[in-house]
S.K.: 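What follows is a single structure, and I will ask about it in a moment.
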Amino acid sequence: MPPRSKRAAPSATTKPALKVAAKPAPAITAEVSPQTAAVFRRRLHRWYRRHCRDLPWRRTRDPYRILISELMLQQTQVSRVLDFYARFLDRFPDLPALASARPARVMEAWAGLGYYARARNLHKLAREVTTDRAGVIPHDPVELRTLPGIGAYTAGAVASFAYEKRAALVDTNVARVLHRVFAPDAAPKSGPGLKRLWRIAEDVLPRTGKATWLHNQAIMELGALVCTARSPKCGQCPVRQGCASVDHFAPR
């Protein structure tokens, strides 16, 4: 029987391998401190309660109606959407009615509003939700983004406005407000700049979903009525104290 091979004895200079612990992921530093965010919210919400417009989609939590309004409002003025919104809902009062309609009828109801891909995606969404989701529009922003024509902003809007979920949203108006108040050095139309504004939007959110409904409506309203693109009304702005850009717009 052949002798067993002997294992070589470890060298006196050989050290046992050390287990290297995995480095924890670096924490993401908040763009806005909790104290600053709290002051911003308090002033913004107080202003909104006094000055908000009475719009029909603010009187409902129906996810279908919220979805219709949000898609119609993309790149379209509120005054133009109001009539189309009412007529569209008269013709298609709920998701099943829209899902069962012929595409030509949907496009006819949308005629004159422009950006017709919105109508086609809306019709696809209605049929998909009716067929695959028992007619229930999801409440989770991640799930919402799997539906036709739903991007990050619309997902956050439906989640917060229909379901009162704590979800951030950044549209053109919100981006303008956050850019001017907190990050004038960020480029809102660049990828990194937009990501930064989304982080700021998360930082300034209230803790609860119900308060988030009011907050998201308020910041959009501020951008639409006061912090406008060309002639911001800084003298009427509730968050001008602490705004990083207010001096930039001061008359000279």
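Everything numeric in this text was worked out from a predicted model, so none of it was measured.
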S.K.: Which residues pass the side-chain hydrogen bond (donor to acceptor under 3.5 Å, both in side chains) test with T212, sequence neighbours left out?
M.R.: none
S.K.: Is the backbone of A167 close enough, under 3.5 Å, to the side chain of N216 for a donor and an acceptor to pair up by distance?
M.R.: yes
S.K.: I need the R196 CZ to D203 CG distance, nearest 0.5 Å.
M.R.: 10.5 Å
S.K.: Would you say that L197 contacts F182 through its side chain, given a criterion of any heavy-atom pair below 4.5 Å between the two side chains?
M.R.: no
S.K.: Can you name the ring pair (Phe, Tyr, Trp, His ring centres under 6.0 Å) partners of Y85, sequence neighbours left out?
M.R.: W57
S.K.: Hey, what do you get for NE2 (H215) to CG (L44), rounding to the nearest 0.5 Å?
M.R.: 6.5 Å
S.K.: Hey, could you give me each pair passing salt bridge (Lys or Arg N to Asp or Glu O under 4.0 Å) that has a residue in residues 208-221? Not counting sequence neighbours.
M.R.: R53-E221, R58-E221
S.K.: Evaluate the side-chain proximity of F88 to V81: yes if any heavy-atom separation is below 4.5 Å, no if none is.
M.R.: no
S.K.: Between L67 and I150, is the side-chain contact (heavy atoms from CB on, under 4.5 Å) condition met? List the steps.
M.R.: CA-CA 10 Å; L67 179 63; I150 304 300; 3.7 Å; yes
S.K.: Please, which pairs that meet side-chain hydrogen bond (donor to acceptor under 3.5 Å, both in side chains) have at least one residue in residues 129-139, sequence neighbours excluded?
M.R.: R133-E143, R133-T146
S.K.: Is the side chain of R176 donor-acceptor paired with the backbone N or O of C227 at a distance under 3.5 Å, no angle test?
M.R.: yes
S.K.: What residues, two or more places apart in sequence or in another chain, satisfy side chain to side chain contact (heavy atoms under 4.5 Å, CB included) together with R59?
M.R.: D54, P56
S.K.: Quick one: side chain to side chain contact (heavy atoms under 4.5 Å, CB included) partners of K124, sequence neighbours excluded?
M.R.: N121, P148
S.K.: Would you say that P103 contacts H123 through its side chain, given a criterion of any heavy-atom pair below 4.5 Å between the two side chains?
M.R.: yes
S.K.: Without swapping roles, check the side chain of R180 against the backbone of V177 for a donor-acceptor pair under 3.5 Å.
M.R.: no
S.K.: Between the side chains of T36 and S33, does any donor sit under 3.5 Å from an acceptor?
M.R.: yes
S.K.: Measure the shortest side-chain to side-chain distance between E202 and E31 over non-hydrogen atoms and say whether it is less than 4.5 angstrom.
M.R.: no
S.K.: Please check this pair: side chain of R41 against backbone of V204, looking for a donor-acceptor N/O pair closer than 3.5 Å.
M.R.: yes
S.K.: In chain order, what residues pass the ring pair (Phe, Tyr, Trp, His ring centres under 6.0 Å) check against W47, with sequence neighbours excluded?
M.R.: H51
S.K.: I need the I68 CD1 to R118 CZ distance, nearest 0.5 Å.
M.R.: 11.0 Å
S.K.: Please identify each residue that fulfils side-chain hydrogen bond (donor to acceptor under 3.5 Å, both in side chains) with T60, with sequence neighbours left out.
M.R.: none
S.K.: If you look only at pairs with a residue in residues 87-116, which of them pass as a side-chain hydrogen bond (donor to acceptor under 3.5 Å, both in side chains), with sequence neighbours excluded?
M.R.: Q75-Y115, R91-E108
S.K.: Of all residues at least two apart in sequence or in a different chain, which pass the side-chain hydrogen bond (donor to acceptor under 3.5 Å, both in side chains) check with Y64?
M.R.: none
S.K.: Can you name the side chain to side chain contact (heavy atoms under 4.5 Å, CB included) partners of P93, sequence neighbours left out?
M.R.: A97
S.K.: As a quick check of understanding, evaluate side-chain hydrogen bond (donor to acceptor under 3.5 Å, both in side chains) for Q74 and Y153, giving each step before the final call.
M.R.: CA-CA 10 Å; Q74 290 177 6; Y153 163 77; over 6 Å; no
S.K.: Sequence neighbours left out, what passes side chain to side chain contact (heavy atoms under 4.5 Å, CB included) with A201? Give chain and number order.
M.R.: A168, V170, L178
S.K.: Got a donor-acceptor contact below 3.5 angstrom from the R127 side chain to the A99 backbone?
M.R.: yes
